[in-house]
Amino acid sequence: MNNRVEQVRQEALQAIAQASGLEELQQVRNTYLSKKGAIQELMSLMRNLSREEKPAFGQLVNACKDAVTKALEEKQAELGKAAMNARLASEKLDITVPGDRFEIGTVHPLMLMQREIEDLFIGMGYKVAEGPEVELDHYNFELANIPKDHPARDMQDTFYIDPNTLLRTHTTAMQMRELEKAEGKTPIKLICPGKVYRRDDDDATHSHQFMQVEGLVVGENVTLADLKGTLTYMADTIFGGGRKVRFRPSYFPFTEPSVEVDVSCPFCNGKGCSVCKGSGWIEILGAGMVHPHVLEMNGFDSEKCSGFAFGVGLERVTMLKYGIDDIRNFYTNDMRFLKIFDRYD
Amino acid sequence: MKLSYKWLSEYVDLSGISPAELAEKMTTAGLEVEGVEPMASGTNLVIAEVLECRAHPDSDHLHVTKVRVGEGEENILQIVCGAPNVAAGQKVIVALIGAELPGGKILNKPVRGQESHGMICALFELGVDRHWLSEEQLNGIEVLPEDAPVGETDVFGYLGLDDTILDVSLTPNRADCLSMWNMAKEVGAILRRPVTWPDYAGRSDKGEKGDLAITLNTDKCTCYYGKIVNHVKVGPSPKWMVNYLHAAGINSINNVVDISNFVMLETGQPLHYYDLAKLPAPEITVVDDREMKMTALDGVEFDIHPGDLLITTNGEATGIAGIMGGEESMIDENTKGILIEAANFNATAIRKTSIRLNLITEAAQRFTKGFESLAMRKAVDRSIQLLEEYADASGLEETVIAGSENYTPVTVRETLTHCNTLLGTAFTMEQVEDVLTALDFKPEINGDEIICHVPSYRIDIERPADIDEEVIRMIGFDSLQDTLPNVSATVGQLTPVQRARRLIREVMTGAGLHEIVTYTLVGDDYIQNAYCPIGEPVVLAMPMSEARKYVRTSLINSVLECVQYNRAHQNADNHFFEVSKVYGKGTEDERLAIVLDGEIHNDPLHGNVIHGDFYAMKGLIMTWLARCGYNANRVSVTENKTDTVHFHPYASAEVWIDKTCLGVFGRIHPEYAKKFDLGDVVYAELSIQPVLEGKAGRIRYTAPEKYPSVSRDIALVVKKEITVKEVLDTVRKSGNRKIVRSSEIFDIYEGSHVEEGYKSVALRIIYQAADHTLTEEEISAAHQAILTGLEKNLKASLRA
């Protein structure tokens, strides 16, 4: 009888080893370990044994059962792993197929630049002003120290609608509205972005419509050096780190002193190249200390406060930054052009 | 302005400072030099004599010459010359082998087999402006006077062309520098070198009493100097004067006319000399009330209107004041006596007339830009001095002055403290005093105070800020630190409206749309075909073209044009948005335009395609409004009763928030789309002010549901006319609101499996309770109520 147990064990282990799949293994399990299986059958032989013989035989059968169970589980794990590997292999992807397209649109490059400048100045405590494009002569010229018959008002430059109304020629008009609104109270720190219009024939470098951002600070002890520091910071933000700013004397009716502002050429780092025409500097904007007469006309005491103002052309700085050679690109809105400017940069 | 370096050096010592260095110093001080050009250029030049000239054996126009460039046999060279006017015996300019000329280098190269050791030069070949050369000079070599020194190598010195021209771009406030004398003062101040003006003062304080009478019948002429010189001798001007006039860009005519121009350049005062004999009488009246025609110096006839300043003699017009003299009284070679006019005409009047007549003369420009009132006296004094010296002037009469110069010396008080405070600098009194002294402001220092006595020609200096500008530009902007304003703290932030405007860009770009910016000015067609025009169009008084005549009253046409452009350039799937103001007379609106053309999401590879159709547009608008705080129960979409010209009448709708209509969206009418060569395009133009400025809903927190939800689907067949809204409304009314969490349409079908005139609608209802897990009975009861409601109210049948 003991031989019979050993025989069953041998047979079972062999069947397990030979099983080639999970289904076959289950059949083996049924054959040997089910309630009517071969091992249970061995157990049933016990009743023919004597009381003394039973424990030893029982142990033998149990050992056999344990061995078969263990072998079965091992084999099952082995076969399971193989099956999983086979399944995974069947699911192999061509990872070179392009991913799904997540089309994200673009903000217009001028608006990107405007926002970049806005955020820079908001961070320094400036507000963003707004004002009408169809503007009164009063704000566009009169309050900006450009009285009637000033050469800067020649009909060639301005789109007049009637003698008192025009399309604003600069965002200075918004500054004047804000100054007037402030009723002499300081400090004022704001920037004025927007569209402006001038009588220019459209070509690669001229546009009858373009965008400006002007900045204005009025308060006690606002200095020309503050203007320089502020513009250096702005130039750094627009063109990348380490820009230097240079002032050259100039003239605007609404500032005194007035300056033209150059930035060290971002293409050659000031060494001289074709973009800066060898000078190492690129003119980017006009600025100055708010003319005392402008302050006075708007109800400020020019003895007690001072201010600076600057105005930058968004097209100009965007063109310089990216080497865009034709200003009309901004207004034809060719999709291929728009898609280039897909992030703050 | 064109500034002659050589001329300038007659007033200021420029030794040791090259034209380029001077240009840089001037630019730094605010007189921007845009170009530095020699009057003439070339190396290895020499004055030579043509000894012999014969025809070239192999050419019908070349000559073979022998020229002597110095003493000795070795200095006789053979040169082939193509000029028709070359001849033996002439004194000429020769460029030797290796000479660098504007046109290139002179090489030792035979010409058609004949040796040629240089080139005989024409002036234009040496870079002299062709404008100043005669026909003869342009067609041949320069023939020098017989006494020209052969062998002289300083050819430009001999010709007086050893000069460099600085092209100075003056800012409008520095018109004083249009005078050479004032420019010299400025340069002297920059270089801290003394300046010497010619000794001209008082030269006109002589003359017999005459009968010249001057009357000013207008307040646009405040002062008029007239002086009669009975005898002058008209002839050629001295060479130096011609060269200086050329340097300044003015042609030489004769000594008398040249002196008037030369003195204008020196003093800044425009002058006019009349031929005394051609004036009907020694009488001048300045008027501005005539309506007539008159012929000016250039022989052109002009229409004169009231307001134009005129010079009249015995009632006859003799000149357009301050702009151009009349033809009748012009100086010519027969002129024997002259009347000198130096007057102060109103800048505005001169500007208006010169612009209207398109007669922008040198004099008109100078009057427009302005100059000191004391220049009249300077100009008359200097005129007499030069006329006596170079035109044998005699027979002077007394100067007659009508009106007055109205000159009051200007004194400006500034303090060192204020100056440093405005500039953000720490200049010492010594530095500031040095600058102001150099500028001839004769500063008086009184503790912290600086009193400046401004020279008469600096008409731009009025206030302390003007003094501060002088200080910083002369000391240099490099002395400025980089600081930030130290004012009391301010809050920097966007307004809610500005934030909401930015949100548009986030939502639209997130959905795959590209922002565009199009022109505000449009033509008549776009105004006539505006969608919901904001009002009567704003028209430009003087448009540049018909196509840019109006301020646009809506965005539709500009945006569709942009799609058209992109299609024409093979760009597919053009989805754009634009945020822009539109204007009408006395009114404005801010609008959002959206256009969908093609697939919004186009990824057939992975089976993801979203067509840019009516529903895409609707979803986009609803999403945007939801993000702005307007959820579905505040937004309604209703039948388009606004505009069925631009929009497809059955595939468009109005969108409202609360009780405000924002605008229309939907398919563009096929007829209208043709205008832009477009097919099925979906467009929206919405007023955004109500959205930006309205009362947006706040975010409200609700805890995520704790108990499980159950979903049940319903498939209905209803009449085709029944709208989705009716179905959903019925579900909402019929179901137990406590446990119906949501109801959503997930399929609509019309076609072969549904009876004609009917459609199948599939819904998913989600049931959920806040406080317990729903039982089967609760759900069934609620669901049955919905089914009954649908059957009863919509005559819906459940689909098997």
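Remember, it's a predicted structure, so these values are computed and weren't measured experimentally. Chain letters run A, B, ... following the sequence lines, proteins first and then strands; every chain starts at 1.
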Can you check whether [Y]'s main-chain N or O pairs, donor with acceptor, with [X]'s side chain at less than 3.5 Å?
| X | Y | value |
| --- | --- | --- |
| B:His606 | A:Pro98 | yes |
| B:His514 | A:Thr106 | yes |
| B:Thr490 | A:Gly125 | yes |
| B:Glu515 | A:His108 | yes |
| A:Glu103 | B:Ile600 | no |
| B:Glu588 | A:Pro132 | no |
| A:Asn333 | B:Asn566 | no |

Cut-off 4.5 Å, heavy atoms of chain A, and the answer for B:Arg174 is neither
When the 4.5 angstrom heavy-atom criterion is applied to B:Thr28 and chain A, the contacting part is backbone
pair [X]-[Y]: side-chain heavy atoms closer than 4.5 Å:
| X | Y | result |
| --- | --- | --- |
| A:Leu224 | B:Ile472 | yes |
| B:Leu422 | A:Pro257 | yes |
| A:Leu338 | B:Phe576 | yes |
| B:Val487 | A:Lys189 | yes |
| A:Glu133 | B:Lys581 | yes |
| B:Met544 | A:Phe159 | yes |

Side chain to side chain contact (heavy atoms under 4.5 Å, CB included) with B:Val538: of A:Ile161, A:Leu167, A:Thr165, only one passes, and it is A:Ile161
* To do: Check whether the side chains of A:Asp226 and B:Thr483 place a donor and an acceptor atom closer than 3.5 Å, and report yes or no.
  => yes
Bottom line for A:Val222: the part with an atom under 4.5 Å from chain B's heavy atoms is both
Turns out that what part of A:Thr232 lies under 4.5 Å from chain B's heavy atoms comes down to side chain
> Under 4.0 Å between a Lys/Arg side-chain N and an Asp/Glu carboxylate O for B:Glu599 and A:Arg101?
Replying inline: no
When rounded to the nearest 0.5 Å, the distance separating OG1 of A:Thr158 from CE of B:Met542 is 10.5 Å
Value for CE (A:Met335) from NE2 (B:His569), rounded to nearest 0.5 Å, stands at 13.5 Å
### Query
Taking the six-membered ring for Trp, are B:Tyr519 and A:His208 parallel (under 30°), tilted (30 to 60°) or perpendicular (over 60°)?
tilted
The complete set of salt bridge (Lys or Arg N to Asp or Glu O under 4.0 Å) pairs with one or both residues in residues 242-253 of chain A, sequence neighbours excluded, reads A:Arg246-A:Asp262, A:Arg248-A:Asp262, A:Arg248-A:Glu283, A:Arg248-B:Glu32
Counting heavy-atom pairs under 4.5 Å with chain A, the top scorer among B:Pro485, B:Ala465, B:Gly424 is B:Pro485
